[in-house]
Amino acid sequence: MMGAAKQIEEKLKEIEVAIAEIAKEFYGTYEGYFKVLGEGIGQQLIFASYHICTQGYPEAFLNLSFSQRQKMQSELREIAKLPVRELEELLEQIPEEQENLDGTSAPELMMSLLSEEDGEQQEVTSPLKDQKTNIEFDSAVLFLTQTSDNEEQKLADRIEENLNKIETEEIEKSPENIIDKLDNLDTLISWQENIERQIPEILKKISHQANCILKNAEILPKKIPKKVLEAATKMESGETPLGGKPNLLNLLIEAEDPEEEKNSTVTKVIAVNLRLSEIEFTDINVTSWRNKIRNLLGRLNQLQREYRKKQRERAVIEAESAWRSSWYEE
């Protein structure tokens, strides 16, 4: 019995080593995947917007002045840059720590400290309004002049405390630290599942932002309710794309005429609706990285089955031993 228990423990340790190794592979693979996926999302966003402006609503696009077209295109380009950064941030989200994530920068934290009002600290006002307080800000370092030594020391201590907090959070978010936390099977599974849940949400968010830009530029019809436009970005990936064009959604919206109760008008709407399956289909690099993730997921599932099985066997042996230790003949 002792020999069987030892063998199970050794097997569990082997699996744990394999889990730690596959965690490193997952992190590196998702890094590569997010780079090409983010770029792919940006490209497909521009392609979809181009189709809407030139094929869907060419008259509305031509009605824009040259400067208006440039402004709209510039805004779309900025939106197209967001996916890479937002996807990479998913790597930092360890499930049990997500609620503690704070994107406040060091300068923002320090400026907030300076602007806090409390009974012990004077209100900090603009040098133009109050020459008694002079604040100089350079390279995220603050110098408070013409204040008492006590107030200056308190402020310095609080700034140092928050800078140390930010430095600690940056270390916590380092790839090495994240990977170390993923050597636990349950943590790794939760981390991977969270990533997969968040990717479609990012696509919906980017789609909605692009549609808002097109609506504000008066490319999309003005009469589209905001809620309808938002709902368009939440359509499931199984919806049929417009005329075979990827990442576009064709909607027919019926709106009642307030002046004539019995009459209603039907408005045809073409909107951006980015879909992961279509982005993968149109980009061979994204497909290649996605296949690597699928392979890793298959290996992880196999390790999970083996690990749970051995945990069960260990529990059985321990339960049998516990039974024997407490049993006695009357």
Side-chain angles (χ1 to χ4, degrees), residues 5-39 82-109 140 159-202 276 285-286 288-315 318:
K6 184 177 180 181
Q7 288 179 356
I8 290 174
E9 288 296 336
E10 290 176 352
K11 185 60 179 178
L12 283 170
K13 288 180 181 179
E14 288 179 12
I15 297 174
E16 288 169 357
V17 170
I19 290 170
E21 288 299 317
I22 203 171
K24 295 178 183 178
E25 292 185 57
F26 258 115
Y27 190 96
T29 303
Y30 267 118
E31 263 190 325
Y33 175 61
F34 285 158
K35 185 176 186 302
V36 296
L37 176 60
E39 293 171 354
L82 295 178
V84 173
R85 183 169 66 252
E86 295 199 5
L87 288 167
E88 288 177 345
E89 288 175 357
L90 297 180
L91 294 171
E92 302 171 356
Q93 295 184 9
I94 299 297
E96 65 271 18
E97 298 179 346
Q98 287 172 28
E99 66 275 8
N100 297 323
L101 295 178
D102 185 357
T104 306
S105 65
E108 287 172 339
L109 272 174
I159 290 174
E160 182 179 3
E161 179 182 347
N162 281 278
L163 285 175
N164 289 337
K165 179 181 177 182
I166 292 170
E167 183 178 357
T168 300
E169 289 177 351
E170 289 177 350
I171 294 173
E172 288 287 317
K173 294 177 182 178
S174 68
E176 296 80 9
N177 191 64
I178 297 295
I179 292 171
D180 285 344
K181 293 180 179 180
L182 297 179
D183 61 4
N184 176 277
L185 178 60
D186 292 330
T187 302
L188 176 58
I189 291 172
S190 298
W191 174 81
Q192 193 271 335
E193 289 177 346
N194 175 67
I195 285 177
E196 294 300 326
R197 281 195 304 268
Q198 293 301 320
I199 292 174
E201 296 304 316
I202 290 175
L276 182 58
N285 290 326
V286 176
S288 176
W289 281 97
R290 189 65 187 176
N291 286 336
K292 293 178 181 179
I293 292 174
R294 291 191 181 100
N295 291 336
L296 284 175
L297 190 56
R299 289 167 53 194
L300 179 61
N301 289 336
Q302 179 63 32
L303 285 174
Q304 182 184 14
R305 285 192 295 270
E306 292 179 12
Y307 196 67
R308 301 302 186 206
K309 180 181 177 182
K310 292 301 176 183
Q311 284 182 318
R312 170 72 177 176
E313 291 176 2
R314 180 177 62 184
E318 290 176 350

Applying side chain to side chain donor-acceptor pair (under 3.5 Å), can you list everything that pairs with [X], at least two apart in sequence or on another chain?
X	value
Lys35	Glu39
Asn291	Arg294
Glu10	none

Can you list the residues that meet the side-chain contact (heavy atoms from CB on, under 4.5 Å) rule with [X], with sequence neighbours excluded?
X	value
Asn295	none
Asn301	Leu297, Gln304, Arg305
Asn285	Val36, Asp283

**Request:** Using the salt bridge (charged side-chain N to carboxylate O under 4.0 Å, His left out) rule, collect all pairs that involve residues 15-32, keeping only residues at least two apart or in two chains.
**Result:**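 Output for this query lists Glu21-Lys24, Glu25-Arg299.
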**Item:** Non-hydrogen atoms of Asn184 and Thr187 that approach each other most closely
**Value:**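 Asn184 and Thr187 have their closest heavy atoms at OD1-N, 3.0 Å.
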**Prompt:** More than 12 heavy atoms of other residues, nucleotides or ligands under 6.0 Å from CZ of Arg312: is that the case?
**Reply:** no
Drop me the distance from [X]'s [atom1] to [Y]'s [atom2], to the nearest 0.5 angstrom.
X	Y	atom1	atom2	answer
Ile199	Leu90	CD1	CG	6.5 Å
Asn194	Ile94	CG	CD1	9.5 Å
Ile293	Leu300	CD1	CG	12.5 Å
Ile22	Gln192	CD1	CD	10.0 Å
Arg314	Ile8	CZ	CD1	8.5 Å
Asp183	Lys181	CG	NZ	11.0 Å

**Asked** How far apart are the C-alpha atoms of Glu14 and Lys11, what are their side-chain angles, what is the distance that settles it, and do they pass the side-chain contact (heavy atoms from CB on, under 4.5 Å) test?
**Response** CA-CA 5 Å; Glu14 288 179 12; Lys11 185 60 179 178; 3.8 Å; yes
Sequence neighbours left out, what passes salt bridge (Lys or Arg N to Asp or Glu O under 4.0 Å) with [X]? Give chain and number order.
X	value
Glu318	none
Glu193	none
Glu306	none

**Request:** Give the C-alpha distance, both sets of side-chain angles, the deciding distance and a yes or no for side-chain contact (heavy atoms from CB on, under 4.5 Å) between Phe34 and Ile195.
**Result:** CA-CA 11 Å; Phe34 285 158; Ile195 285 177; 3.5 Å; yes
**Message:** Using side-chain heavy atoms (C-beta onward) and a distance below 4.5 Å, is Leu182 in contact with Phe26?
**Reply:** no
**Prompt:** Tell me, which pairs form a ring-ring contact (aromatic ring centres under 6.0 Å, His included) where one or both residues lie in residues 175-198, sequence neighbours left out?
**Reply:** Tyr30-Trp191
**Asked** What pairs of residues pass the ring-ring contact (aromatic ring centres under 6.0 Å, His included) test when at least one of them lies in residues 288-315, not counting sequence neighbours?
**Response** none
**Request:** Verify side-chain contact (heavy atoms from CB on, under 4.5 Å) between Ile202 and Leu87, making sure each step is shown before the conclusion.
**Result:** CA-CA 8 Å; Ile202 290 175; Leu87 288 167; 3.8 Å; yes
**Request:** Let me see the working for Glu92 and Arg85 under salt bridge (charged side-chain N to carboxylate O under 4.0 Å, His left out), right down to the final yes or no.
**Result:** CA-CA 12 Å; Glu92 302 171 356; Arg85 183 169 66 252; over 6 Å; no
**Request:** Could you give me the CA-CA distance, side-chain angles and deciding distance for Leu303 and Leu185, then say whether side-chain contact (heavy atoms from CB on, under 4.5 Å) is met?
**Result:** CA-CA 9 Å; Leu303 285 174; Leu185 178 60; 5.7 Å; no
**Message:** One pair to check against salt bridge (charged side-chain N to carboxylate O under 4.0 Å, His left out): Glu313 and Lys310. What are the steps and the verdict?
**Reply:** CA-CA 5 Å; Glu313 291 176 2; Lys310 292 301 176 183; 3.3 Å; yes
